[in-house]
Amino acid sequence: MELPKIYDPKLTEDKWYKYWMDQGFFHSEPDNREPFTIVIPPPNVTGVLHMGHMLNNTIQDILVRKARMEGKNACWVPGTDHASIATEAKVVQMLREKGIKKSDLSRDEFLKYAWEWKEKYGGIILEQLKKLGASCDWERTSFTMDPKLSEAVIEVFIDLHKKGLIYRGLRMINWDPSAKTSLSNEEVLHEEVKSNLYFVKYMIKGTDEYLAVATVRPETIMGDVAVCVNPNDERYKHLIGKTVIVPMVNREVPVIADEYVDIEFGTGALKITPAHDVNDYEIGKKYNLPVIDCFNEDGTISEAAQIFVGLDRFKARKLASEKLEEDGLLIKKEEYTNKVGRSERTNAVIEPRLSLQWFVDMKKFFAKNPQVLDDVMSDDIQFYPSKLKNTYKHWIDNLRDWCISRQLWWGQRIPAWYDETGNLVAVAKTEAEAIEQSKKTNPKAAVPNLKQDEDVLDTWFSSWLWPISVFNGFEDPDNKDINYYYPTNDLVTAPEIMFFWVMRMIMAGYEWRGEKPFKNVYYTGIVRDKLRRKMSKSLGNSPDPLELIEKYGADGVRLGMLLCSPAGNDILFDEKLCEQGRNFSNKLWNALRLVKGWEVKEGTNDENRLSIEWIESKMNDTINQLNASFESFRLSEALMTVYKFIWDDFCSWYLELIKPDYLSPIDKTTYDKTIAIFEKITQLLHPFMPFVTEEIWHLLGDRKQGETINLTRYPESGEIDEEMIREAQLTFEIIINIREIRAKANKKNTETVDLFHFANKMSRKDIDSRKEFGLDERRTWGFDEKIVKLGRIGTFDEINEELKGAKSFIAGGYKFFVVTGEVADADAEKKKLIEELEYTRGFLASVDKKLANEKFVSSAPATVIDGEKKKREDALKKIEILQQSLNLTTNN
RNA sequence: GGGAGCUUAGCUCAGCUGGUUCAGAGCAUCUGCCUUACAAGCAGAGGGUCACUGGUUCGAACCCAGUAGUUCCCA
């Protein structure tokens, strides 16, 4: 069989993904096996794959594939999120490009466009996930606005309203005066700007005294309803309860006291404008102050302000400053740096604005479901990394009610019904039901003319139901799927949505299933570039994942992502890592080429026995380490374990040990064992690199149609011969020493050197001495042929005296001489010996000191003391050899 | 302003209960090799006052306190 020298992912990846899909390997139905479930964090339906998705989904795929190979019934549910704000924005923009304004369309017309857009572009991202190799059950693909899922959202809203966990109230929101809509916090970008701090006189009623107030927003003075000072502020104590005159509009307002006010900031007196500042609003509420909204929704000054009516807010600021100066009320202007929020989309400066919104009463909800916090704190739901538990707790301790209404059209419309004057009449699925309800509460009233709430629900209000709703757990709470797959096993997501999503899914899980939604939560880091900058479109520092796949293969990119992603840490992505991944595929491929190129001869070559026993032990050891890493979700570590086993142990040592001479055949026993090990290697690596391992697995054996590495059982660990591993390590140490001497002597690979073992009382042939070193006497000569082979040794013999002019080294308590033909510098050799002797003596002294310390001996555990004793013995032996060598050198 | 985390090799990180030969990887670097699987490769090497200061302990990268720097969350 002719295999190309370089592995080409393009020839295999699409081929195998199609095969997997055709054979339906990823589809799951409930059966008798243990379930393993992951629900995807649904990406935005109109989104495209970015590096964050790559990382997140690679991790999920690894977990799912491993579970599947462990014989579990693995089910990974894919899907997308309707993402109301982002999607609506995209549709609005698309319409604008066509010359259509949203305001010219009816709600139904707009939604028609939105659905068309969704059908056309939605789900591109899912196709991209296939390129990555994601083994999702595509037959279960869901969308948060699928009829069943939307229905669940509406029912949940009605249910919560019935339970008294939802209410409608006034609240300060982020208002975009340009787009005339509210924005979520995530859509507001904060930036530092230089502005002025105005110091303004508020005259105290009936006196010539004034109270100085500092503000950056003089255009909101018309909305002032009080001035607040700190009750502990000696300067102002006498003014508390007095009345002051608001400049420009001459309104009389009280001076109140609250500890919220920072004595140090400005003048220590704060003007209270409840309509235009979140904190002022809170204070206003606390002291029952009125709210005067002096802005219109487009950011111009309203009638309520009395002056500057109709002018833009920034124009008004300038005019207010001038007017204050005219009136002699402006004390001074100072330069001041503060943060201003801007709309991500329109760049307009955000105005805090009061409006009627729907809320979930979080305090009540948590009182009803204390497990939402408790189960995370007690690790019943385990966070990886666990340090994020602190953040979770801190958030819950400072909960605010969840605002769930959005002034948008794309999403689930709030099922609340109002009469003509805007009073809430009922919360119900349909108008008919609402009328029914209103009749019940007020039978005598005429049938009202009802209007449904114009707003839709927050997208998170549908995604918090995701682990239940994808299995239709609301319409049919006792169905086969939900009973089998729920609670799910692992959730893989980003820490920044811990509150938006993770916490709320836990809430929903307890409220409607009485059970947690998942057992483990794995938080990935934020993908950043080499310079630690967040990857973003505007910086242009985010590579296109599909281009990377094109360049390095999906396996290469998957490896590249994972190589730099310890759980919870940020990912400093570097394209070079993908290259490393690609190179690794190629390494594996070439190992296949080597093995498949051998001619096989019946029989057994006993020289290879120890090498085979060693690699088997080493592999079992690797499997144990790998499983331990998986159990604690240390996936980077797990990958590194397999990576090193394959590259270093299997390729660099094992294959070199057993490789027959050029054109010589290999014995069948060794060949069969090697193929078996290679097969296990592909299985171990498969969750990480699904494509190249499937390809190689098929080439390693005679596979039938319908067979796949996906459905093979993940290798289990067997017996580990620790002594064999030590023996091999000693062999490698000897070989490395020889190679180093060869390298320094500039020996060509084709030239041999001679090796002599110094036969003192610790001879390698001496069985007792081998026992002393903890080595098995049966293997005395086991690896010697291999030392000759890999060290390119001509003669390998024993010698009873120091070999003058030869280079020497000590390995595992044995001394060796290497004759390179070039005369070694005797003084340098001697110096080396002396240095090593000095060092070992110093080391011995420190160990002795420890052992002589009575407190150490009495308080340290026995294993530690035994360790120290062993160190002492080893050091003594080493000193003896060194001393002996040195004596001989000196005598010569 | 409040809270949480981090600081170990040039870079990115391990170091799990304080104790196994003066601290471990990967990448990068340096040297030599196109040695019949792989130059996307092979062989070898160098590189660290564990941020700083003090404390606890027989023993500290690890525990405690303080200082500095840094990141994130909330306001």
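Naming: A, B, ... by sequence-line order, numbering from 1 per chain. Just the heavy atoms: all of them, side chains too, but no hydrogens, waters or symmetry mates, feed the values below.
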Asker: For A:Leu594 and B:A37, give me the distance from atom CG to atom P, rounded to whole Å.
Answerer: 6 Å
Asker: Between A:Thr750 and A:Phe584, which residue's closest nucleotide on RNA chain B lies nearer the 5′ terminus?
Answerer: A:Thr750
Asker: With rounding to whole Å, what would you report as the distance between B:U49 and B:U8 at their P atoms?
Answerer: 12 Å
Asker: Find the distance between CG (A:Leu655) and OG (A:Ser611) and round it off to the nearest 0.5 Å.
Answerer: 10.5 Å
Asker: Report the nucleotide, chosen from B:A37, B:A14, B:G5, that has the shortest atom-to-atom distance to any side-chain atom of A:Asn390.
Answerer: B:G5
Asker: Between B:G26, B:C38, B:G41, which nucleotide gets closest to the side-chain atoms of A:Trp647?
Answerer: B:G41
Asker: How close or far is atom P of B:C34 from atom CG of A:Asn749, stated in whole angstroms?
Answerer: 8 Å
Asker: What distance separates A:Leu592 CG from A:Ile696 CD1, expressed to the nearest 0.5 Å?
Answerer: 5.5 Å
Asker: Answer yes or no: side-chain N or O of A:Lys587 and base N or O of B:C38 forming a donor-acceptor pair under 3.5 Å.
Answerer: yes
Asker: Go through B:A37, B:C38, B:A4 for me and flag the one nearest to the A:Leu655 side chain.
Answerer: B:A37
Asker: A:Gln580 side chain: which of B:A75, B:A40, B:G26 is closest?
Answerer: B:G26
Asker: Could you tell me the separation between the CG atom of A:Asn230 and the C1' atom of B:G1, rounded to a whole number of Å?
Answerer: 14 Å
Asker: Pairing check on B:A43: which nucleotide meets the Watson-Crick or G-U wobble criteria with it, both distances under 3.5 Å?
Answerer: B:U31
Asker: Counting only side-chain N and O atoms of A:Lys659, is one of them less than 4.0 Å from OP1 or OP2 of B:A37?
Answerer: yes
Asker: My understanding is that a pair needs two contacts under 3.5 Å, Watson-Crick or G-U wobble. By that rule, which nucleotide pairs with B:G19?
Answerer: B:C58
Asker: With rounding to the closest Å, how many angstrom separate the P atoms on B:U12 and B:A28?
Answerer: 15 Å
Asker: Between B:G19 atom P and A:Arg872 atom CZ, what is the distance in whole Å?
Answerer: 24 Å
Asker: Rounding to an integer number of Å, can you tell me how far A:Arg739 CZ sits from B:U35 P?
Answerer: 16 Å
Asker: Taking B:G59 as the reference, what is the distance to B:G3 when you measure between their P atoms (whole Å, please)?
Answerer: 35 Å
Asker: Taking atom C1' of B:A37 as reference, at what distance in whole Å does atom CD1 of A:Ile696 sit?
Answerer: 12 Å
Asker: Taking B:A14 as the reference, what is the distance to B:A9 when you measure between their C1' atoms (whole Å, please)?
Answerer: 13 Å
Asker: Could you tell me whether A:Tyr643 and A:Phe688 have their ring centroids closer than 6.0 angstrom?
Answerer: no
Asker: What orientation do A:Tyr522 and A:Phe633 show, parallel under 30°, tilted 30 to 60°, or perpendicular over 60°?
Answerer: tilted
Asker: Is the phosphate of B:A40 approached by A:Arg582 (side-chain N or O, under 4.0 Å from OP1 or OP2)?
Answerer: no
Asker: Rounded off to whole Å, could you give me the NZ-to-P distance for the A:Lys5 and B:A39 pair?
Answerer: 5 Å
Asker: When the nearest nucleotide of RNA chain B is assigned to A:Ala743 and to A:Asn279 on a heavy-atom basis, which residue is associated with the more 5' position?
Answerer: A:Ala743
Asker: Atom NZ in A:Lys659, atom CG in A:Leu790: separation rounded to 0.5 Å?
Answerer: 9.5 Å
Asker: Rounding to the closest angstrom, what is the interatomic distance between B:C52 and B:A61 at atom P?
Answerer: 11 Å
Asker: Answer with yes or no whether A:Glu656 presents, from its side chain, a donor or acceptor under 3.5 Å of a partner atom in the base of B:A37.
Answerer: yes
Asker: Categorize A:Lys744 for me: base, sugar-phosphate, or nothing, with a 4.0 angstrom heavy-atom threshold over every strand shown.
Answerer: nothing
Asker: Taking the C1' atom of each, how far is B:G5 from B:A51, in whole Å?
Answerer: 16 Å
Asker: Quick check for you: among B:A37, B:G5, B:A45, whose closest atom lies nearest to any side-chain atom of A:Ile736?
Answerer: B:A45
Asker: Expressed as a whole number of angstroms, how long is the span from A:Arg742:CZ to B:U35:P?
Answerer: 14 Å
Asker: Any side-chain N or O of A:Trp598 under 4.0 Å from OP1/OP2 of B:U36?
Answerer: no
Asker: Ignoring the backbone of A:Lys387, work out which of B:A25, B:G5, B:A37 is nearest its side chain.
Answerer: B:G5
Asker: Closest to the A:Asn590 side chain: B:G26, B:C38, B:G44?
Answerer: B:C38
Asker: With a 4.0 Å cut-off on heavy atoms, is A:Trp395 in touch with a base, just the backbone sugar-phosphate, or nothing at all?
Answerer: sugar-phosphate
Asker: If you measure from the P atom in B:G18 to the same atom in B:A60, how many Å do you get, rounded?
Answerer: 14 Å
Asker: I want to verify a distance call: between B:C27, B:A43, B:A40, whose nearest atom is closest to the A:Ser652 side chain?
Answerer: B:A43
Asker: Taking atom P in both B:C6 and B:G66, what distance in whole Å separates the two?
Answerer: 16 Å
Asker: Measuring from the side chain of A:Glu637 (C-beta onward, heavy atoms only), which nucleotide among B:C38, B:A14, B:G41 has the closest atom?
Answerer: B:A14
Asker: Run the side chain to side chain contact (heavy atoms under 4.5 Å, CB included) test on A:Asp667 and A:Tyr671 for me, step by step, so that the C-alpha distance in whole Å, both residues' side-chain angles and the decisive distance to 0.1 Å come before the verdict.
Answerer: CA-CA 6 Å; A:Asp667 63 288; A:Tyr671 181 78; over 6 Å; no
Asker: Would you mind pulling out the nucleotide paired to B:G66, Watson-Crick or G-U wobble, both distances under 3.5 Å?
Answerer: B:C52
Asker: Have a look at A:Trp653 and tell me which of A:Ile615, A:Ile735, A:Ile658 forms a side-chain contact (heavy atoms from CB on, under 4.5 Å) with it.
Answerer: A:Ile735
Asker: Give me the ring orientation class for A:Phe499 and A:Tyr392: parallel if the planes are under 30° apart, tilted from 30 to 60°, perpendicular past 60°.
Answerer: parallel
